[in-house]
*Asks:* 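Dropping the structure in here first, questions after.
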Amino acid sequence: MKHGAILITGGAGYIGSHVALQLRARAERVVALDDLSRGFRQAVLDVPLVVGNVGDRDTVRAALDAHGVDTVMHFAACTVVPESVGDPLKYYLNNTCATRSLLQCCLEGEVRHFVFSSTAAVYGIPAAGVAAEDTPTSPINPYGSSKLMSEWMLAAVAEASPLRYVSLRYFNVAGSDSGGRIGQATPNATLLIKVACEAAVGKRAEVAIFGTDYPTPDGTGVRDYIHVEDLAAAHLDALQYLRAGGGSTTLNVGYGHGYSVRQVLASVERVSGKPLKVREEPRRPGDPPALVARAERIRRELRWKPRLNDLDTIVRTGLAWEERLLRNPW
Ligand code: UDP
């Protein structure tokens, strides 16, 4: 059966571009939509790029029609927790309102399949720092709320129409394409592994640890770090699942084990062979102490098989990417 094209919103961004790469390797027809506010044209490689905002209905409708899209993978979003605390309306506009507009276009354009980039931040502070898909959602920052509201809209739209979806609740994504072609190029990055790898290659003088008094084994925040290529593969598995007639579902994407900030920094030192200059700072607003996935369901429902489940491997690809960016900046 001939399938339609796949629209990747945020296709020039970190995760969207890795998904596009894997879809192209499977000879899927793909079109990227990105307003290039945070994405990079260089990340798009051989995929056609529509430059525009996902909240702009005319642009989205035209892209759906022109490319014969039957599947949307929606990555375009603002994703920085502390920024969402300081500027919540930016998050409700760019994440929640834009998703509403996109869903309306999907209904009008008879899009059948939708894969949504959700987040572990919908859980807030789960008991013992571990969240399964049926753990009650209770976000503690506007980033998490903006994504949870999008999940709710998506579920209601799927009830009321033939559209089926997979919502993927990402835990902490890190690393880069093992072929060295693309990676995370965000200026003023805030994500821990990216920041620590930048420090290891000399792009930053030091790394701050935000909070050393959490109720965790070493006092620093614990997260479930997952390699971006494994995360990207989950989207291809979701596509296959939806094409095979699978029902709408919401799934965690994590490995199911956590590392503290100190453990991450130790890994960066081990892999780079260089000590990092570390500064201890107070807790950052909006951060839960620990957030680790219960991650059995995605293996069962989508047959997802992680291949890069190893912190040093994640860090190695992240470091290689920073070294490449130093030689050849985007
Ligand atoms: N973190 C840190 N220093 C940094 C960036 C992050 O100590 O420069 C901590 C942060 O407080 C959290 C963990 O690292 O405990 C992961 O934060 P990140 O921003 O990477 O992802 P988030 O979990 O906020 O999405």
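Read the numbers this way: they start at 1 and go in the same order the structure lists the ligands and their atoms. Nothing fancy with the numbering, it's 1 onward along the sequence.
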*Asks:* Please write down residue, atom name and distance for the protein heavy atom closest to atom 21 (O) of ligand 1.
*Replies:* Asn172 ND2, 3.0 Å
*Asks:* Determine whether the aromatic ring centres of His235 and Phe75 lie less than 6.0 Å apart.
*Replies:* yes
*Asks:* Is any N or O atom of Phe210, backbone or side chain, closer than 3.5 Å to an N or O atom of ligand 1?
*Replies:* yes
*Asks:* Can you report which non-hydrogen protein atom sits closest to atom 20 (O) of ligand 1, along with the distance?
*Replies:* Leu192 N, 2.7 Å
*Asks:* In the protein, which heavy atom is nearest to atom 10 (C) of ligand 1, and how far is it?
*Replies:* Asp287 OD2, 3.4 Å
*Asks:* Please work out, at 4.0 Å between heavy atoms, whether the side chain, the backbone, both, or neither of Thr190 comes within that distance of ligand 1.
*Replies:* backbone
*Asks:* Tell me whether Arg164 forms a cation-pi arrangement with Phe114, defined as NZ or CZ under 6.0 Å from the six-membered ring centre and within 45 degrees of its axis.
*Replies:* no
*Asks:* Looking at Asp312 and Arg270, is there a salt bridge between them, counting it only when a charged N and a carboxylate O are closer than 4.0 Å?
*Replies:* yes
*Asks:* Is it true that Tyr170 lies under 4.0 Å from ligand 1, counting heavy atoms only?
*Replies:* no
*Asks:* Under 3.5 Å, is there a donor-acceptor pair linking the side chains of Glu229 and Ser178?
*Replies:* yes
*Asks:* When only distance counts, is Ala208 in polar contact with ligand 1, meaning an N/O pair under 3.5 Å?
*Replies:* yes
*Asks:* Which ligand 1 atoms are under 4.0 Å away from a heavy-atom of Ile209?
*Replies:* 7 (O)
*Asks:* Crowded around Arg29 CZ? As in, over 12 foreign heavy atoms under 6.0 Å?
*Replies:* yes
*Asks:* List every atom of ligand 1 that sits less than 4.0 Å from any heavy atom of Gly221, numbering the atoms from 1 in the order shown and giving each element.
*Replies:* 15 (O)
*Asks:* Counting from 1, what ligand 1 atoms have a heavy atom of Arg284 closer than 4.0 Å?
*Replies:* 5 (C), 6 (C), 10 (C), 17 (O), 18 (P), 19 (O), 24 (O)
*Asks:* Which one of Asn309, Thr317, Thr313 satisfies the side-chain hydrogen bond (donor to acceptor under 3.5 Å, both in side chains) criterion with His227?
*Replies:* Thr317
*Asks:* For ligand 1, indicate whether the residue Leu191 contacts it via side chain, backbone, both or neither (heavy-atom separation under 4.0 Å).
*Replies:* both
*Asks:* Could you see which bit of Tyr225 sits under 4.0 Å from ligand 1, with heavy atoms only: side chain, backbone, both or neither?
*Replies:* side chain
*Asks:* Please check if any side-chain donor atom of Asn95 sits under 3.5 Å from a side-chain acceptor atom of Tyr143, or the reverse.
*Replies:* no
*Asks:* Report yes or no: do Arg26 and Gln22 form a side-chain donor-acceptor pair below 3.5 Å?
*Replies:* no
*Asks:* So does Arg204 pair up with Glu322, basic N to acidic O under 4.0 Å?
*Replies:* no
*Asks:* Tell me the protein heavy atom at minimum distance from atom 12 (C) of ligand 1, and give that distance in Å.
*Replies:* Arg223 NH2, 3.6 Å
*Asks:* If I apply the N/O under 3.5 Å rule, does Val261 come out as touching ligand 1?
*Replies:* no
